[in-house]
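Everything below concerns the one structure shown next.
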Amino acid sequence: MGTHLSATVTEGRAFMQVIDGRQADALSGKRIDVFCPSDGKAFASIPAAGRSDVDLAVTAARRAFDEGPWSRMSAIERGRCLTRLFQLVEKHGDELAALESRDTGKPIRQGKADVLGAMRYYEFYGGACDKVHGDTIPFLDGYTALTLREPHGVVAGIIPWNYPLQILGRVAGAALAMGNTLVVKPSEDASLTSIRIAELALEAGFPEGVFNVVTGYGSDAGAALSAHPLVDYVTFTGSPLTGTAIQQAAALNNRGVTMELGGKSPQIVFADADIDAALPVLVNAIIQNGGQTCSAGSRVLIERPIYEEVASKLAERFSKLVAGPHEADLDLGALINPKQRERVRSMVAAAREAGVAVLAEGAIHPDALREGYYHRPVLFGSVDPSAEIAREEVFGPVLALFPFESEEEAVRLANGTEFGLVAGVWTRDGARQHRVAKRVRAGQVFVNSYGAGGGIELPFGGFKKSGHGREKGFEALYDMSATKTIVFNHG
Ligand code: NAP
Ligand code: MG
């Protein structure tokens, strides 16, 4: 990893959007301050795009798809562009990790892990481009029928603030591999690395207009992008409420969508589990990124005979967790913004008031500035499955424990929320591993492990309110393309 972008280089920098291969300010000239969650101070700014900026970006992407050299490029050449982008992300890895950590408040090692994830997306999809095959279909006598996978056209990607580098990688990697062009709107709370990646994409040889980034508020730029009539497909990661708004906007143009809308993911710990192996994984699954992870393991269901033991061992670990500034690289950093901290605070307060037992709390480092958006980790025990804290996504470092009596009850509790994104099953019983993995309604099930956000090769997405469509792995290439059937009558 090469260049290091020191704090002084970023200091006060007026970042620009990337539209049609060029840097672009907002047409209005309006800008948004960029805050570091660790100290609450503004350190840079981004353009506040409106409808006309979005229109410029979508028009550029449309032109690049309809007329540009991109549409004539072979899959092999597209793969090489993605591979060069992978190499450039690697070369600028230290810079990107530092920028991501400062922009989002995540510990620096998480910023580095995100860079590795982003690299893997561009590497994986660079290699996958020329490996997507159609079929030949037995049809009537005298005919040959075959299928091609064709790009949708202009893909709009609306990216949240929790893992911008990684989520951009999974969206852009798959969309570009299939020959789409792209307009990305990152969250105004975390746009900087998306801008840098779009700049690197130009260096990697993506033609002008293929990879555009507009920055601004969701209610302005995001809404304009998802409703734009020249957009062919919309992919979104974020809250179910915003997901509904985006689907309604896309529905006005009858466009397809992929929705990744978070979860309330359970881990089920049976009495025969290897508890020592499970404990660090159970803690990490909720503490990673301060719990601001769509696939966070936010509920732990524990079989009654080991409930007290597991609860007290988790409490011991929780009481030692420390939140602090991203540079200090502690267990967790600050939350993304004051609004998110308030959401976590109010959900924790409501649970306390309702009498849910707090088994342990972590700490905020004494050197952490009061102006930072910190929240201490909280462990709730014996939670009633109908409580808000048991059903709603907190998106913070808050874990809820539930005892259960039988496999039947464990499955019922696991499936007892409106979400269905990821699940973990901890047991040494092989037959039970298979039974429970099949009965739990989740897009990914990990047995004796848990991957909060990990595994770029693994298809990922939700059931129920967690969304629809699949990202990651080879499967994302199908979401990012459509089948065309061609029938030849040759007699
Ligand atoms: P959000 O509203 O869903 O925001 C996610 C993205 O959507 C951001 O880029 C946002 O832009 C954009 N957006 C907002 N309104 C839009 C609209 N009408 N049209 C198009 N785009 C729009 O999430 P949030 O308010 O930041 O966080 C609230 C909760 O959402 C969290 O507590 C968490 O539960 C959930 N969440 C889940 C994930 C996930 O990975 N599944 C990620 C983030 C949040 P701006 O940020 O610029 O407004
Ligand atoms: Mg920020």
Side-chain angles (χ1 to χ4, degrees), residues 10 15 32-46 48-49 54 99-106 156-164 166-168 170-171 184-194 213-228 231 234-250 257 259-265 289-296 298 326 333-347 372-373 392-396 398 419 421-422 452-453 460-462 465-467 471:
T10 323
F15 281 80
I32 300 170
D33 281 335
V34 172
F35 295 91
C36 173
S38 302
D39 57 18
K41 292 199 180 84
F43 68 95
S45 68
I46 52 170
V54 168
L99 196 56
E100 190 83 319
S101 289
R102 195 169 189 206
D103 201 3
T104 62
K106 63 179 74 193
I158 297 175
I159 312 283
W161 40 260
N162 52 346
Y163 292 91
Q166 291 212 49
I167 295 176
L168 177 64
R170 85 184 184 209
V171 166
V184 168
K185 208 297 282 178
S187 165
E188 93 275 0
D189 279 321
S191 294
L192 304 187
T193 54
S194 297
V213 171
V214 289
T215 57
Y217 295 107
S219 47
D220 302 335
L225 180 59
S226 52
H228 201 292
V231 164
V234 182
T235 170
F236 170 72
T237 300
S239 64
L241 204 61
T242 303
T244 301
I246 289 173
Q247 289 178 85
Q248 284 170 334
V257 293
M259 290 283 134
E260 200 272 84
L261 305 176
K264 191 72 187 174
S265 296
N289 216 43
Q292 303 166 116
T293 305
C294 40
S295 50
S298 52
H326 61 283
L335 301 179
I336 190 70
N337 57 31
K339 185 179 137 213
Q340 189 61 26
R341 182 178 54 182
E342 197 40 48
R343 176 190 166 95
V344 178
R345 274 184 180 166
S346 70
M347 288 179 83
Y373 318 138
E392 297 296 333
E393 187 172 44
V394 180
F395 232 58
V398 179
F419 294 99
L421 193 57
V422 177
F460 176 75
K465 200 173 165 181
S466 290
E471 301 186 275

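Basis for what follows: all heavy atoms, side chains included, without hydrogens, waters or symmetry-related copies. In each ligand, atom 1 is the first atom listed, and ligand 1 is the first ligand listed.
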**Item:** Shortest protein heavy-atom distance from atom 39 (C) of ligand 1, along with the residue and atom involved
**Value:** C294 CB, 3.5 Å
**Interfacing atoms of ligand 1 (cut-off 4.0 Å, heavy-atom, G216)** = 47 (O)
**Asked** Tell me: protein heavy atom nearest atom 34 (O) of ligand 1, and distance?
**Response** E393 OE1, 3.0 Å
**Item:** Check: K106 main-chain N/O paired with S101 side-chain donor or acceptor under 3.5 Å
**Value:** yes
**Asked** What do you reckon, does D189 put a non-hydrogen atom under 4.0 Å from ligand 1?
**Response** no
**Prompt:** Under 6.0 Å between the ring centres of W161 and F35?
**Reply:** no
**Item:** Proximal atoms of ligand 1 relative to I246 (non-hydrogen, under 4.0 Å)
**Value:** 19 (N), 20 (C), 21 (N)
**Message:** Tell me if a side-chain donor or acceptor on R341 pairs with a main-chain N or O of G372 at a distance below 3.5 Å.
**Reply:** yes
**Item:** Test side-chain contact (heavy atoms from CB on, under 4.5 Å) applied to Q248 - qualifying residues, sequence neighbours left out
**Value:** T244
**Prompt:** CG/D103 to OG1/T193 distance, rounded to the nearest 0.5 angstrom?
**Reply:** 7.0 Å
**Prompt:** Tell me: protein heavy atom nearest atom 19 (N) of ligand 1, and distance?
**Reply:** A223 N, 3.4 Å
**Complete:** of all protein heavy atoms, closest to atom 15 (N) of ligand 1 is T242 CG2, 3.4 Å
**Prompt:** Is any N or O atom of S226, backbone or side chain, closer than 3.5 Å to an N or O atom of ligand 1?
**Reply:** no
**Request:** Give the minimum heavy-atom separation between A49 and A221, together with the two atoms involved.
**Result:** O-CB, 3.8 Å
**Prompt:** Does P160 reach the side chain of I167, with side-chain heavy atoms less than 4.5 Å apart?
**Reply:** yes
**Item:** Distance flag for atom 4 (O) of ligand 1, protein heavy atom under 4.0 Å
**Value:** no
**Asked** For ligand 1, which atoms have a heavy atom of F236 less than 4.0 angstrom away?
**Response** 3 (O), 5 (C), 6 (C), 7 (O)
**Prompt:** By number and element, which atoms of ligand 1 are closer than 4.0 Å to a non-hydrogen atom of K339?
**Reply:** 25 (O)
**Item:** E342: which of R345, K339, Q340 passes side chain to side chain contact (heavy atoms under 4.5 Å, CB included)
**Value:** R345
**Request:** Show the numbers, then the answer: is there a salt bridge (charged side-chain N to carboxylate O under 4.0 Å, His left out) between K465 and E393?
**Result:** CA-CA 11 Å; K465 200 173 165 181; E393 187 172 44; over 6 Å; no
**Request:** Please identify each residue that fulfils side-chain contact (heavy atoms from CB on, under 4.5 Å) with A224, with sequence neighbours left out.
**Result:** R51, V54
**Message:** I'd like to check I336 versus Y373 (side-chain heavy atoms, cut-off strictly below 4.5 Å). Are they in contact?
**Reply:** no
**Prompt:** What residue and atom, counting heavy atoms only, is the protein's closest point to atom 47 (O) of ligand 1, and at what distance?
**Reply:** E188 OE1, 2.1 Å
**Prompt:** By number and element, which atoms of ligand 1 are closer than 4.0 Å to a non-hydrogen atom of Y217?
**Reply:** 47 (O)
**F460 and C294, any side-chain heavy atoms less than 4.5 Å apart** = yes
**Prompt:** atom 17 (C) of ligand 1: which protein heavy atom is closest, and how many Å away?
**Reply:** G218 O, 3.4 Å
**Request:** Could you tell me if any non-hydrogen atom of Y163 lies under 4.0 Å from any atom of ligand 1?
**Result:** no
**Item:** Where ligand 1 meets G262 - atom numbers and elements under 4.0 angstrom, heavy-atom basis
**Value:** 41 (N)
**Item:** Those atoms of ligand 1 less than 4.0 Å from some heavy atom in I159
**Value:** 8 (C), 9 (O)
**Request:** Ignoring angles and geometry beyond distance, decide whether N162 reaches within less than 3.5 Å of ligand 1 through its nitrogen or oxygen atoms.
**Result:** yes
**Asked** How wide is the angle at the Mg ion (ligand 2) between O of F35 and O of D189, to the nearest 10°?
**Response** 160°
**Asked** Does any non-hydrogen side-chain atom of L335 lie less than 4.5 Å from one of R343?
**Response** no
**Request:** Report the distance from atom CG of L99 to atom OG1 of T104, rounding to the nearest 0.5 Å.
**Result:** 9.5 Å
**Distance from atom 29 (C) of ligand 1 to nearest protein heavy atom, with residue and atom** = S239 CB, 3.9 Å
**Message:** With respect to the Mg ion (ligand 2), please indicate if A190 possesses an N, O or S atom at a distance under 2.8 Å.
**Reply:** no
**Prompt:** Backbone or side chain, does any N or O of Q340 fall under 3.5 Å from an N or O of ligand 1?
**Reply:** yes
**Fill in**
Per-atom filter on ligand 1: closer than 4.0 angstrom to a heavy atom of R343 are 32 (O), 34 (O)
**Asked** Can you tell me the protein heavy atom closest to atom 42 (C) of ligand 1 and the distance?
**Response** P160 CB, 3.4 Å
